[in-house]
Amino acid sequence: MSQETITHRVSRGAFYLAVEKLSAMSSGILYLALVLRWLGAYRYGILVLALAVAGMAATASGNLEMYLERYAAEYLALGRLKTLRRAHLLALAGKLLLGVAAAFVMVALSPAIAHFYHRPELIALLPWLAALVAFDGLWTTGRATLFGLERFRVMSLIALVFNLLKVLLVGALWASHEATLVPLAIGLSALAVAQGAVASAVPLWMLRRAADPPGPAPEGGTGPLARHMVRYCTPLLLARVSFLSSQNLSVIVLGKLFDPGMLGLYASASRVIERFIEVANTLPTALLPSLTQLWARGERDRLQTVLDHAFRLGQAGSCALALLLFLFAREMMLLAGSPLFVQAIPIFMVLALVPVARTAQQPLTMLFRAMRRPGTEFGLALIKFVSEFAGYFLLVPAIGLVGAAWANLSGAVVSYAAALIVLARILPDRDGERGRVMVKSIGLLALALVAGAWLERHAPVPSGGTLRALLAPAGLVNLAARALLFPLAVAAAFGLGLLTREDLERVSALPLKGAWMPRVRDGLVAAAQVLARPKLQRGATPVALLLATALALRTGGMA
């Protein structure tokens, strides 16, 4: 597999994964905006708590889909599609069996859970959310097989359709003046089961006439397939439990420490951040099939080249996302959460820094998975879990709900630092390039964050939580100053070598079907080429600081 082929496949995969995630993000933020306005902070906190309990119960269904995500690409490379179909059916059967058992346990415990939180609403909600737990395997196994087969367009289409249906569901319930959460729980469960059924049916149809070539089974496929699947997935299951625990258990712990209204504030900020992180993770996630095939073929040098390239782009992209979220935290929370969620803005600004570690770590996670190092992934997830929960008990009592956001950030940073140490041992840094990328990207981000914080300090405070002050002349000037910081930071990234013209050329050469996709790609590339001009690169960072300072002072005077 040539370097050009790898780049083409990863870029194409990343594009369609991005379409899937962008549709999920766009519809998810619209869904969240409707839900928050319909339910308010208190009832949204109840819903988040119920979904967190269901999410914890779903972990009991195991993670056999992780085997499909990793080995589908290898079986495809070796032509063993019949083995892949058998693995899919085994994973699906195992997850459905465990999921149904976990759903029954959750329903049986729902009165005790409601009593523990003193929230009787949970007794009515949890039984209707049981379908999310019981049939979780339909979506996860189907999506994992499609991912391994690199059928990214199909994945994005399924996600787009059902994300739009979720938005229509919430809009219809709000328009009907429904006052309870039960119809929403029923609708979400029904849509999840339907989406899973479609996602599982598509790969099984594709593999209906699959066959294996003659000869012995590949390495890793020796012995009973079910036993090998369990052996591979067990460490990853522990990693998944640790990761989901750090997400769902945080909600469960905060739900005990704070009332549902406060929990709703934290969850609203966290959900918006998660939507953006999912989109940003598309490029490194698309690496897995190619990294897997390179490792299976023993092409270690090319594997390291691909990883170093992805590391540079991942580090630059994660810092760009963090800057974007930080600069427009106020507007995002007011638009997504309504003026009722103004108190969540400080939480949002802290969580905006989480992608610097979590998104940047994603290429490393894909590498560990491709190299069959599930124990490493589990160790990193455990480190994150321990660090984050230590932060909850140390920071939340001291500084309140914002402490939970700092705990989340600390867990991500500690896990990323540990991943870098492991990476240095298995694939040493050639010529110190990774270190230089880290210093340049973090330094540029810190500089831009200082300017952004200065502007945020002088931003008009919306009177009564409305957007009116932000749309006044002083607010618009401040908004323009913050908006200008982002393209200047991108131009500086080109000047520092974090982004290159070769990256733009690869994107330009990406063949896309349809009429609108090439136009969108070409427009983005043309805008990026303007920022890549040498003159703009050299002056980007100092100009950004001067403009930020001058406009901030002017904004302060106008206010």
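For the numbers below, each heavy atom of this structure counts, side chains included, while hydrogens, waters and symmetry mates do not. Predicted, not measured: the structure shown is a model, and the values here were computed from it.
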Original post:
Looking at residues at least two apart in the chain, or sitting in another chain, which of them share a side-chain contact (heavy atoms from CB on, under 4.5 Å) with A144?
Top reply: E65, L68, E69

Original post:
Any idea which heavy atoms bring A199 and W139 closest together, and the distance?
Top reply: CB-CE3, 3.3 Å

Original post:
Which heavy atom in L291 sits nearest to a heavy atom in V306, and how many Å separate them?
Top reply: CD2-CG1, 4.0 Å

Original post:
Does L499 reach the side chain of V490, with side-chain heavy atoms less than 4.5 Å apart?
Top reply: yes

**OP:** Report the distance from atom CZ of F385 to atom CZ of F389, rounding to the nearest 0.5 Å.
**Re:** 5.0 Å

Donor-acceptor contacts, no H, no angles, side chain residues 315-329, under 3.5 Å, sequence neighbours left out:
unit_1, atom_1, unit_2, atom_2, d
Q315, OE1, Y416, OH, 2.6
S318, OG, G314, O, 3.1
S318, OG, Q315, O, 2.9

Original post:
Can you tell me how far the OG1 atom of T365 sits from the CG atom of L423, to the nearest 0.5 Å?
Top reply: 10.5 Å

Subject >> Those residues that, when tested against S415, pass side chain to side chain donor-acceptor pair (under 3.5 Å) (two or more places apart) >> reply: Q361

Subject >> Which atom of P355 lies closest to which atom of I277, heavy atoms considered >> reply: CG-CG1, 3.8 Å

**OP:** Show the numbers, then the answer: is there a side-chain contact (heavy atoms from CB on, under 4.5 Å) between F276 and T359?
**Re:** CA-CA 10 Å; F276 282 92; T359 302; over 6 Å; no

Subject >> Working for side-chain contact (heavy atoms from CB on, under 4.5 Å), residues V422 and F368 >> reply: CA-CA 9 Å; V422 175; F368 301 147; 3.9 Å; yes

Subject >> Gap separating the CG atom of L382 from the CD atom of E377, nearest 0.5 angstrom >> reply: 12.5 Å

Subject >> Sidechain-backbone polar pair: S61 side chain, A58 backbone, donor-acceptor under 3.5 Å >> reply: yes

Original post:
Would you say I399 and W406 make side-chain contact, with heavy atoms under 4.5 Å?
Top reply: yes

Original post:
Residues in salt bridge (Lys or Arg N to Asp or Glu O under 4.0 Å) with D429, at least two apart?
Top reply: none

Original post:
What heavy-atom pair brings I273 and F348 nearest, and what distance separates the two atoms?
Top reply: CD1-CZ, 3.7 Å

Original post:
Who pairs with R300 by salt bridge (Lys or Arg N to Asp or Glu O under 4.0 Å), at least two apart in sequence or on another chain?
Top reply: none

Original post:
S387: what forms a side-chain contact (heavy atoms from CB on, under 4.5 Å) with it, not counting sequence neighbours?
Top reply: I383, V414

**OP:** Measure the shortest side-chain to side-chain distance between V402 and V396 over non-hydrogen atoms and say whether it is less than 4.5 angstrom.
**Re:** no

Original post:
Given M438 and R312, is the side-chain contact (heavy atoms from CB on, under 4.5 Å) satisfied, shown in steps?
Top reply: CA-CA 8 Å; M438 287 282 295; R312 173 176 58 81; over 6 Å; no

Original post:
Hey, are R436 and E433 close enough for a salt bridge, meaning a charged N less than 4.0 Å from a carboxylate O?
Top reply: yes

Original post:
Which atom pair, heavy atoms only, marks the closest approach of M333 to S268?
Top reply: CE-OG, 3.6 Å

**OP:** For L394, enumerate each residue passing the side-chain contact (heavy atoms from CB on, under 4.5 Å) test, keeping only those at least two apart in sequence or located in another chain.
**Re:** none

**OP:** Identify, with sequence neighbours excluded, every residue that meets side chain to side chain donor-acceptor pair (under 3.5 Å) alongside T145.
**Re:** H88

**OP:** Output the distance between atom CG (L36) and atom OH (Y44), rounded to the nearest 0.5 Å.
**Re:** 5.5 Å

Original post:
side-chain contact (heavy atoms from CB on, under 4.5 Å) with Q304: which residues, sequence neighbours excluded?
Top reply: D308, L427, R430, R434

Subject >> Whether S410 side chain and A407 backbone form a donor-acceptor pair below 3.5 Å >> reply: yes

Original post:
So which heavy atom on A489 is nearest to which on L444, and how close?
Top reply: O-CD2, 3.5 Å

**OP:** Mark yes or no for whether T140, through its side chain, and D136, through its backbone, hold a donor-acceptor pair below 3.5 Å.
**Re:** yes

Original post:
Does E274 reach the side chain of L351, with side-chain heavy atoms less than 4.5 Å apart?
Top reply: no

Original post:
Just wondering, do L367 and L303 contact through their side chains at under 4.5 Å, heavy atoms?
Top reply: yes

Original post:
Among all residues two or more places apart in sequence or in another chain, which pass the side chain to side chain donor-acceptor pair (under 3.5 Å) test with T376?
Top reply: R373

Subject >> Rounded distance (nearest 0.5 Å) linking atom CG of L307 with atom CD1 of I426 >> reply: 8.0 Å

**OP:** If a pair satisfies side chain to side chain donor-acceptor pair (under 3.5 Å) and one of its residues is in residues 418-427, list it, with sequence neighbours excluded.
**Re:** none

**OP:** Look up atom CG in L496 and atom NZ in K440, then write down how far apart they are to the nearest 0.5 Å.
**Re:** 6.0 Å

